[in-house]
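Dropping a structure here in structure tokens format, bear with me for questions.
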Amino acid sequence: MKAVRVHEYHSDPTIDDIPEPQITGPLDVIVKIGGAGVCRTDLHILEGQWAEAMNPELPYVIGHENAGWVHEVGEGVTNVAAGDTVILHPQPSCGLCRACRAGKDMQCTNAFFPGLSNNDGGMAEYLRTTARACVKLNPETNPADVAALADAGITAYHAVRKSIPLLYPGTTAVVQGAGGLGHIGIQCLAALTATRIIVVDRNPDALALAKQIGADETVQADGTHVDAVKDLTGGEGANVVFDFVAEQGAENDAWQMTGPDGYQFVIGYGGQFTAPTLDFVAGEKNVIGNIVGTYNDLAELMVLAQAGKVTLHTKQYPLDAALDAIHDLDAGRVRGRAILVP
């Protein structure tokens with residue numbers, strides 16, 4: 001099969017011919033990929049940022065936002081069958097450890113992460129995952145239309161879901177970064193809360209899209225955006241700031257836009273956050289990290305998606321144009337999400 005593989009860091013991946021994945025255990029599921037999202041994390045993988053954390057053996061196939069059709073199942077699989085349309089939780093979990101028993105999929109002690117860890121991902125024609133990762137979809141669903149919800153979607157939804165008790169009517173939320181994750185976060189906020197939504201982004205096109213999908217106010221990130229947000233919040237800052245950027249200084253801007261007793265949800269990464277400890281104490285401000293989400297988060301998000309309350313804005317590329325998609329994302333030429341379609 002054709003697959004996009006990393007051979008060395010700080011270099012473009014290549015499109016290789018490799019063997020199709022095989023069933024190795026009773027709960028394994030082989031999925032024929034119908035759509036694979038291209039994520040900023042893939043750029044970070046290519047830069048080597050995940051090498052130490054995940055330590056994959058090179059070369060390997062990237063791609064952790066995947067949807068498609070069940071091709072083959074192991075002998076113990078009962079929840080899906082060949083032909084079913086599915087979206088895949090990006091990190092298959094064991095179901096037996098303490099974290100899994102508590103529904104905390106991302107803290108599973110026996111998980112693997114296709115496309116990041118030492119397991120091939122979904123920028124290919126086929127992917128091996130497990131039954132626990134499969135969320136069954138309406139058979140009429142086009143996997144390419146929803147694939148990015150498997151990571152960008154679930155990550156944004158997970159952060160918003162955690163914030164719901166904080167965003168009662170009369171509160172204000174700031175979304176910093178209205179790209180692949182941020183534009184989903186805006187829609188989740190609009191669907192699940194009554195908060196006032198302010199969106200900050202440097203790209204006017206992204207701000208125009210934000211207005212269409214639920215933003216009450218938009219602010220261009222031009223160096224005066226922190227003051228602009230303060231002006232829109234009576235000088236205080238927001239109750240919750242969702243930072244979908246968190247690099248190149250944005251992580252510290254987010255802190256400045258967070259009001260007293262407020263919460264800064266860090267979803268993007270790549271930068272380094274610093275703040276005086278007195279700001280934590282005197283302001284009673286909180287910083288919350290977020291990594292993907294739970295299986296139930298993905299299942300709930302798919303209900304919103306299939307009801308039309310969350311939609312993905314995508315640009316599709318054939319699998320053999322994967323490098324074009326990666327370069328377009330890196331250059332900021334993708335509005336919403338780039339999707340590879342084998």
Could you tell me if Lys136 and Asn79 have a donor-acceptor pair between their side chains, going purely by distance under 3.5 Å?
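Short answer, no.
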
Is a donor from one side chain sitting under 3.5 angstrom from an acceptor on the other, for His158 and Thr294?
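Distance-only check fails for His158 and Thr294.
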
Hey, is NZ on Lys211 packed in by over 12 heavy atoms from elsewhere, all under 6.0 Å?
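It does: Lys211 NZ has more than 12 such atoms within range.
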
Is a donor on one side and an acceptor on the other found under 3.5 Å between the side chain of Gln220 and the backbone of Pro204?
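Flag not set: sc Gln220 to bb Pro204 has no pair under 3.5 Å.
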
Among Leu189, Val175, Thr155, Leu167, side-chain contact (heavy atoms from CB on, under 4.5 Å) partner for Val160
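Single side-chain contact (heavy atoms from CB on, under 4.5 Å) partner of Val160 among Leu189, Val175, Thr155, Leu167: Leu189.
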
What is the ring orientation for His71 with Tyr126, classed by angle as parallel under 30°, tilted 30 to 60°, or perpendicular over 60°?
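Correct class here is tilted.
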
Does NZ belonging to Lys162 count more than 12 external heavy atoms closer than 6.0 Å?
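More than 12 within 6.0 Å, yes.
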
Are Arg337 and Glu65 ion-paired here, with the side-chain N under 4.0 Å from a carboxylate O?
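Here Arg337 pairs with Glu65 in a salt bridge, since their nearest N and O are under 4.0 Å apart.
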
Could you check whether Asn138 and Thr141, counting side-chain N and O atoms only, form a donor-acceptor pair closer than 3.5 Å?
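Judged by distance alone, the side chains do not pair up.
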
Going by atom types alone, do Thr193 and Tyr168 pair a side-chain donor with an acceptor below 3.5 Å?
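Side-chain D/A pair, Thr193 to Tyr168: absent.
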
Is there a donor-acceptor contact under 3.5 Å linking the side chains of Asp297 and His89?
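The criterion, which ignores hydrogens and geometry beyond distance, is not satisfied for His89 and Asp297.
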
Trp50 and Tyr9 aromatic centres sub-6.0 Å:
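No - the distance between ring centres of Trp50 and Tyr9 does not fall below the 6.0 Å cut-off.
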
Can you find a pair of side-chain heavy atoms, one from Val86 and one from Leu137, that are under 4.5 Å apart?
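No. Closest side-chain heavy atoms not under 4.5 Å.
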
Quick one, Lys285 with Asp279, criterion salt bridge (charged side-chain N to carboxylate O under 4.0 Å, His left out). Give me CA distance, side-chain angles, the key distance, then yes/no.
CA-CA 7 Å; Lys285 291 164 74 169; Asp279 284 2; 5.7 Å; no

NZ/NE/NH1/NH2 to OD/OE distance under 4.0 Å, Lys2 and Asp17
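A salt bridge is present here (some side-chain N lies under 4.0 Å from a carboxylate O).
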
If we count only N and O atoms by modelled type, under 3.5 Å, do the side chains of Asp328 and Tyr317 hold a donor and an acceptor together?
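Checked: Asp328/Tyr317 side chains pair up, N/O donor to acceptor below 3.5 Å.
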
Should Val73 and Val135 be regarded as members of a common hydrophobic cluster, given that ILVMFWY residues are connected when their side-chain heavy atoms come within less than 4.5 Å of each other, either directly or indirectly?
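No, it is not one cluster - the side chains of Val73 and Val135 are not joined through contacts under 4.5 Å.
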
Taking all non-hydrogen atoms of both residues into account, name the closest pair between Ile186 and Ala178 and its distance.
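Scanning both residues completely, I find the closest heavy atoms to be CD1-CB, 4.1 Å.
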
Phe112 six-ring centre to Arg128 NZ/CZ under 6.0 Å and within 45° of normal:
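Checked: cation-pi criterion met.
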
Any side-chain heavy-atom pair of His64 and Phe113 under 4.5 Å:
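Yes, side chains in contact.
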
Looking only at the side chains, is there a donor atom on one of Arg5 and Thr14 sitting less than 3.5 Å from an acceptor on the other?
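Per modelled atom types, Arg5 and Thr14 side chains form no pair under 3.5 Å.
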
Please tell me if the side chains of Leu127 and Leu88 come closer than 4.5 Å, counting only heavy atoms from C-beta onward.
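Yes - at least one pair of side-chain heavy atoms lies under 4.5 Å apart.
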
Is there a donor-acceptor contact under 3.5 Å from the side chain of Ser11 to the main chain of Glu8?
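Side chain of Ser11 to backbone of Glu8: no pair is present.
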
